[in-house]
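Structure first, then comments.
Since the structure is predicted, the reported quantities are computational estimates derived from the model, not experimental observations. Numbering of ligands and ligand atoms starts at 1, following listing order. Only this structure's heavy atoms are used, side chains among them; waters, hydrogens and symmetry mates stay out.
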Amino acid sequence: MKFVTSLGAGTALWLFAALNVASAQDLNVLCGVDEDWCLTMETAFEAKTGLEVAMERKSTGEILDRIRGERADPVIDVWWGGTGDTHLQGAAEGLMEPYQPAHSEDALPWAQNFFQMSGGKASGVYAGALGFAYNADILEDMDVPTPSCWKDLTDPQYRGLVQMANPKSSGTAFTVLATLIQLLGEDEAFAYLSALARNIPSFTTSGAAPVKAAARGETGIGISFIHDAVTQKLAGAPLVIVAPCEGTGYEIGAVSIVSGARNLDNARRFVDFAMSPDGQATGAASGQNQIPSNARAALPPAAPDISLIRMVDYDFATFGSPEQRRRLLDRFDKEVLQGASAVETQ
Ligand code: PLP
């Protein structure tokens, strides 16, 4: 009290405000899902707990790079959302903290398997299949055929009309790369991607950007997760959504706690919420269409029925390995990006 009096009223007020801001930093989260979902989740968790969350949206590969960069002195406590094989890569690099969240008994079998595979360091929150969507108005105006298979997308008639993200930054695009390898074999997949790159004017940073661009009529065809395309279509975009005829891959979106997190208790509370029916309901509440991992969580009404889609038996063990990630991204850079002299844009 004496200390405050001797500083004077104005300084005391300033000091009080400064202390308040410092103590408001209860949890730092990097969010890998759509911006709208990040915001809805942040608001719901803050309302439930009274904690203050600093949440930032980034693409999956960018999050992995950021957490790697902070290994010696982590600022980020939780990585929520984004494709599971990249969480597995982080776990295998020793970047994630083991935690068995509340509600794990209600996790669907694919989420239970994923948790085991991560060594108890990442929990599956949602699932969704990969595909593409085309803008029917654009393709009709350009008088080009409509695609239904991966192989159609390399047709020179689509020169400049296809968008896909860069797998270094985007978990969606890394899933494309891993899916094509599982469908075609590695050498054929890279030959396919080199041919596809001739139709792609630029690789985006974010995985949902291609389908959002197709929705706005800025490109003809966007390769993304099908649930992202559903969200755009429900908003009124003239999109036709395609589950490719050869079959496709899928993601298990995940949540992990960063090893050495400063706000460990709050991080655990966040992960518990992310795995709860209420936490998972924030997806549908923000217009998302992934399949929740908690059997008690409501399925968004427009979520694609993945049992109707021809799906590869996705090899999370192989594609969740840091060595494979490094090797495949290096090969993508040399053979696809440099080969096509493609320009990366946001
Ligand atoms: N947005 C949605 C809706 C997703 O399901 C995912 C994957 O988990 C992402 C974004 C991932 O974004 P990015 O490909 O930019 O890493």
Side-chain angles (χ1 to χ4, degrees), residues 29-41 55-67 78-90 110-111 114 122-133 163-179 202-215 222-235 239 241 248-256 274 280 282-293 299-300 302-304 306 314 316 319-320 325 329 332 344-346:
V29 180
L30 286 181
C31 173
V33 293
D34 194 78
E35 194 88 51
D36 289 345
W37 192 5
C38 301
L39 193 60
T40 305
M41 181 70 170
M55 183 160 333
E56 189 185 347
R57 200 275 157 184
K58 279 190 172 298
S59 280
T60 316
E62 296 179 307
I63 296 178
L64 179 62
D65 286 345
R66 167 86 177 268
I67 292 173
V78 173
W79 170 5
W80 173 63
T83 47
D85 36 17
T86 311
H87 283 259
L88 294 177
Q89 292 150 8
W110 50 262
F114 180 83
S123 297
V125 181
Y126 57 84
L130 194 65
F132 55 84
Q163 273 197 21
M164 174 182 149
N166 184 330
K168 181 170 182 348
S169 58
S170 159
T172 309
F174 188 84
T175 310
V176 176
L177 178 56
T179 293
S202 62
F203 286 84
T204 61
T205 300
S206 148
V211 93
K212 289 180 178 173
I223 301 174
S224 289
F225 285 114
I226 286 178
H227 50 259
D228 279 333
V230 169
T231 302
Q232 298 303 314
K233 193 174 164 76
L234 289 176
L239 290 182
I241 299 171
T248 194
Y250 66 97
E251 65 160 333
I252 295 177
V255 61
S256 327
Q280 298 201 348
T282 57
S286 56
Q288 307 303 302
N289 290 289
Q290 289 96 326
I291 295 162
S293 65
L299 190 66
I306 56 175
Y314 199 97
F316 285 99
F319 295 98
R325 176 182 181 82
L329 290 181
F332 187 87
E344 188 180 345
T345 59
Q346 185 72 37

For atom 3 (C) of ligand 1, state which one of Ile252, Asp34, Asp228 supplies the nearest heavy atom.
Asp228
Tell me if the centroids of the rings in Phe225 and Phe132 come within less than 6.0 Å of each other.
no
Tell me, which protein residue and heavy-atom name are nearest atom 16 (O) of ligand 1, and how many Å apart are they?
Thr60 OG1, 2.5 Å
Please determine, by modelled atom types, if Gln163 and Thr204 share a side-chain donor-acceptor pair under 3.5 angstrom.
no
Candidate pair Gln280 and Ser293, rule side chain to side chain contact (heavy atoms under 4.5 Å, CB included), full reasoning
CA-CA 8 Å; Gln280 298 201 348; Ser293 65; 3.0 Å; yes
Closest protein heavy atom to atom 9 (C) of ligand 1, given as residue, atom name and distance to 0.1 Å
Gly32 O, 3.4 Å
To the nearest 0.5 Å, what is the distance between CG (Leu88) and CZ (Phe316)?
7.5 Å
Nearest-neighbour protein heavy atom for atom 14 (O) of ligand 1, which is reported as residue plus atom name and distance
Thr172 OG1, 2.5 Å
Atom 15 (O) of ligand 1: the protein heavy-atom neighbour that sits closest, reported with distance to 0.1 Å
Ser59 OG, 2.6 Å
Proximity of Tyr126 to ligand 1 by residue part, where a heavy atom lies under 4.0 Å:
side chain
Closest non-hydrogen protein atom to atom 12 (O) of ligand 1, residue and atom name please, with distance?
Arg57 NH2, 3.0 Å
Lys212/Asp34 salt bridge by N-O under 4.0 Å criterion
yes
Could you list which atoms of ligand 1 come closer than 4.0 Å to a heavy atom of Gly207?
13 (P), 14 (O), 15 (O)
Is it true that Gly82 lies under 4.0 Å from ligand 1, counting heavy atoms only?
yes
Hey, does Trp80 have a side-chain heavy atom less than 4.5 Å from the side chain of Met55?
yes
Evaluate Phe225 for polar contact with ligand 1, using N/O atom pairs at a separation under 3.5 Å.
no
Charged N to carboxylate O below 4.0 Å: is that the case for Glu62 and Arg57?
no
Protein contact of atom 7 (C) of ligand 1 - nearest heavy atom, named by residue and atom, plus distance
Glu251 OE1, 2.9 Å
So for Ala165, does at least one of its heavy atoms come nearer than 4.0 angstrom to any atom of ligand 1?
no
Quick one: does Gly171 get a heavy atom under 4.0 Å from ligand 1?
yes
Contact check, His227 vs ligand 1, heavy-atom distance below 4.0 Å:
yes
Among Asp228, Ile241, Asn289, find the residue that satisfies the side-chain contact (heavy atoms from CB on, under 4.5 Å) test when tested with Lys233.
Ile241
So, is the end of the Arg325 side chain (NZ or CZ) under 6.0 Å from the ring centre of Phe319 and within 45° of the ring's axis?
no
Walk me through whether Thr282 and Trp37 qualify under side chain to side chain donor-acceptor pair (under 3.5 Å).
CA-CA 7 Å; Thr282 57; Trp37 192 5; 2.8 Å; yes
How does Lys58 reach ligand 1, if at all, at less than 4.0 Å between non-hydrogen atoms: by side chain, backbone, both, or neither?
neither
